[in-house]
Each structure stands twice: as structure tokens, then as C-alpha cells.
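Each chain gets a letter, A, B and so on, in the order the sequences are listed, and its residues count up from 1.
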Number of protein chains: 2
Amino acid sequence: MTAAKATTLSEQFRRGELFTVECPSREVLKHVTSRWGVLILVALMEGTHRFSDLRRKVGGVSEKMLAQTLQNLEKDGFINRISLPVVPPHVEYSLTPMGEEISHKVVSLADWIEENLPRVMKAQQAANRL
Amino acid sequence: MTAAKATTLSEQFRRGELFTVECPSREVLKHVTSRWGVLILVALMEGTHRFSDLRRKVGGVSEKMLAQTLQNLEKDGFINRISLPVVPPHVEYSLTPMGEEISHKVVSLADWIEENLPRVMKAQQAANRL
DNA sequence: CGGTATCCGCAGCGATACTG
DNA sequence: CAGTATCGCTGCGGATACCG
């Protein structure tokens with residue numbers, strides 16, 4: 001119980017956390033993998049966007065959810081919010097360095113799905129025939 | 001408008017799909033990034049599990065949501081379900097080749113969060129001081 | 001053991017209206 | 001333009017009971 005299995009321990013410790021109900025990582029994971037979180041991170045990979053840019057780009061998102069998701073991701077340190085004090089208001093959203101790191105992972109996942117969608121849909125159809 | 005920018009086109013076409021409301025990829029993405037989908041895929045990366053194994057391993061999941069998530073992922077072709085016709089029933093879940101591919105992406109994302117949680121929490125605290 | 005079926009509460013989300 | 005505030009509802013998800 002003192003200091004055994006250093007290699008496997010660090011592996012299992014981190015995993016054990018995520019599988020635990022109270023693991024703080026779950027909240028972050030939730031923000032990042034949320035319905036609109038994914039799409040926003042992907043969108044911001046292509047550069048800075050204004051609020052209404054994102055609203056137009058991310059099809060189907062409501063103002064409320066866009067604002068909420070942006071706030072979550074900003075609080076987690078993934079997004080920079082720059083408000084220019086002019087009229088009419090002008091706010092720009094961009095990825096922080098941390099945001100870029102995690103966006104790579106998210107984009108990688110999203111890309112896989114889009115590229116392999118044919119395979120997935122084929123599997124779905126095969127499942128329906130059972 | 002005819003055939004311009006071949007490189008950027010393939011890039012933007014795939015992206016344009018995901019940003020669209022009716023894009024079928026969104027459903028798959030939803031299954032994979034769902035609250036329990038992520039954890040199940042991560043868990044199954046470590047090998048075949050039985051239903052109750054998963055139930056115990058993935059903290060906080062209810063029977064209903066576990067069954068539902070497993071069914072979704074099975075229909076998408078990410079999970080193999082093998083039911084041994086014995087009493088008491090014995091059912092084993094494992095990743096298909098496609099499931100392994102996508103799990104790598106998911107695990108990569110989950111790992112990043114667990115490894116960088118300190119950075120994220122530090123950013124969160126900084127945000128709270130504003 | 002490994003589900004399915006049913007009920008139901010409440011958070012989450014969308015739609016709308018309003019503000020700086 | 002970029003949000004907040006409010007309301008109403010939908011459907012996610014937990015609890016329970018029952019089947020193969």
C-alpha cells in the first residue's frame with residue numbers, strides 16, 4: 001500500500017478517476033463533448049469568430065445554448081472572449097492554447113466519424129435487417 | 001462555381017455537413033460523445049466485459065442507460081454483443097474493429113482531460129476571481 | 001443474469017421578448 | 001450586435017417492477 005507499481009498505478013489512477021461519479025474531469029468532458037461544444041470547438045479551429053458568425057455557422061444552435069456553451073468553455077479556459085467596447089457591440093471568440101490542444105482531439109474524433117460515416121451507416125443497415 | 005479549390009473543397013464539404021442540422025454524423029457523434037458512451041468505449045478498450053462488469057466499472061450508470069447506450073453503439077457497429085445461451089444468461093460486450101478505431105480518439109480526448117485537469121482547474125479558478 | 005416495460009420528475013432546451 | 005430573462009414543454013434519465 002506504500003509505493004508499489006509506479007507505472008501501472010499512474011495509468012490506473014487516472015482511469016479510476018473518470019470512472020468515479022465525483023470525478024471533476026467528468027464536468028469538463030461534459031462541456032467539451034456536449035452537443036454544441038464539439039461543433040463550437042471545431043468551428044473555432046478555423047479561426048476567430050464573432051457571436052453571430054458562430055450562430056450562423058453552427059446550424060440549429062439557439063442563442064441561449066450558444067451563449068451558455070461559450071461561457072462553459074471560457075470558464076474551463078478553452079476559449080478567449082474579447083469584447084470590443086464599441087457600438088454596436090463587437091465580441092470575438094477564439095481558442096486559447098489549451099483550447100487548441102483539446103480541439104485537435106475533438107476534431108480528430110469528428111473527422112473520423114465524417115470520413116467513416118459510410119461504414120457506420122452500412123453497419124446500421126445490417127443491424128436493422130436482423 | 002464549377003470546380004474550384006479542390007483541396008479546400010473536400011475539407012469544407014465534410015465540415016459543412018457536420019455544421020448542418022440534418023447531418024447524419026451528428027447522431028453518431030451524439031452516441032459516441034454521450035455521457036455514458038464515452039466511458040463505455042474507454043472501458044471496453046481494456047477488453048471484453050459483461051453487462052454487470054460494465055455496470056460496476058462505470059460509476060453512476062443505471063441499468064437502463066447502460067443498456068440503451070450499448071444498443072446505440074451496437075447498432076452503429078462499434079460494439080459486438082455476444083449472448084451465450086446458458087442459464088444464468090451470460091452476455092459479453094467487446095469492441096468491433098471500427099469500435100477500436102473510434103475508441104482511440106475518445107480515449108485520447110479523455111486522457112488529455114485527465115492529464116491536464118490541473119491546468120483546467122487553475123483556469124477555472126482564475127475565471128472565478130474576475 | 002441481463003435485460004425490457006412502465007411511470008414520472010425535473011433539468012435542459014428552444015422560443016420569445018427585452019436590454020445595454 | 002450580443003447577449004440576459006422568462007416561460008413552457010420535451011425528453012433524458014432514475015426507480016421500480018417484471019420477463020427469458
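Counting only heavy atoms from C-beta outward, the side chains of Ile82(A) and Val91(A) never approach each other to under 4.5 Å. The side-chain heavy atoms of Glu92(B) and His49(B), taken from C-beta on, include no pair separated by under 4.5 Å. Using a 4.5 Å heavy-atom cutoff, the side chains of Leu41(B) and Val107(B) are not in contact. By the 4.5 Å heavy-atom criterion applied to side chains, Trp112(A) and Met98(B) are counted as neighbours. Side-chain atoms of Leu44(A) and Leu54(A), non-hydrogen and from C-beta on, do get closer than 4.5 Å to each other. No side-chain heavy atom of Asn72(B) sits under 4.5 Å from any side-chain heavy atom of Phe78(B).
Atom CG in Leu54(A) sits roughly 13 Å away from atom C1' in dC1(D) (whole-Å rounding). Regarding Arg55(B), its CZ atom lies at a distance of 11 Å from the C1' atom of dA15(D), rounded to whole Å.
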Can you check each nucleotide of nucleotides 4-13 of chain D against protein heavy atoms at under 4.0 Å and return B for base, S for sugar-phosphate only, - for none, in 5' to 3' order?
-> B--------B

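For the segment residues 79-90 of chain B, the set of residues with a heavy atom within less than 4.0 Å of an atom of DNA chain D comprises Pro89(B), in numerical order.
Annotation for Val21(A) and Gly60(B): closest pair CG2-N, 3.7 Å, computed over non-hydrogen atoms. The minimum heavy-atom distance linking Ile79(B) with Glu74(B) is given by the pair O-CG, 3.5 Å.
A distance-only check finds a donor-acceptor pair linking the side chain of Ser34(B) to the backbone of His31(B) [under 3.5 Å].
Within the helix from dC1(C)-dG20(D) to dG20(C)-dC1(D), the inter-axis angle between the opening and closing five-pair segments is 50°, rounded to 10°.
When DNA chain C is scanned in the 5' to 3' direction for atoms under 4.0 Å from non-hydrogen atoms of chain A, the outermost contacting nucleotides are dC13(C) to dG20(C).
Listed by first and then second residue, the salt bridge (Lys or Arg N to Asp or Glu O under 4.0 Å) pairs involving residues 79-89 of chain A amount to none (not counting sequence neighbours).
One distance of note links OH of Tyr93(A) with CG of Asp53(A); it measures 11.5 Å at 0.5 Å rounding.
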Would you check, one step at a time, whether the test salt bridge (charged side-chain N to carboxylate O under 4.0 Å, His left out) holds for Glu46(B) with Lys57(B)?
-> CA-CA 11 Å; Glu46(B) 292 167 18; Lys57(B) 184 159 200 164; 2.5 Å; yes

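Here Glu101(B) pairs with Arg119(A) under the salt bridge (charged side-chain N to carboxylate O under 4.0 Å, His left out) rule; sequence neighbours left out.
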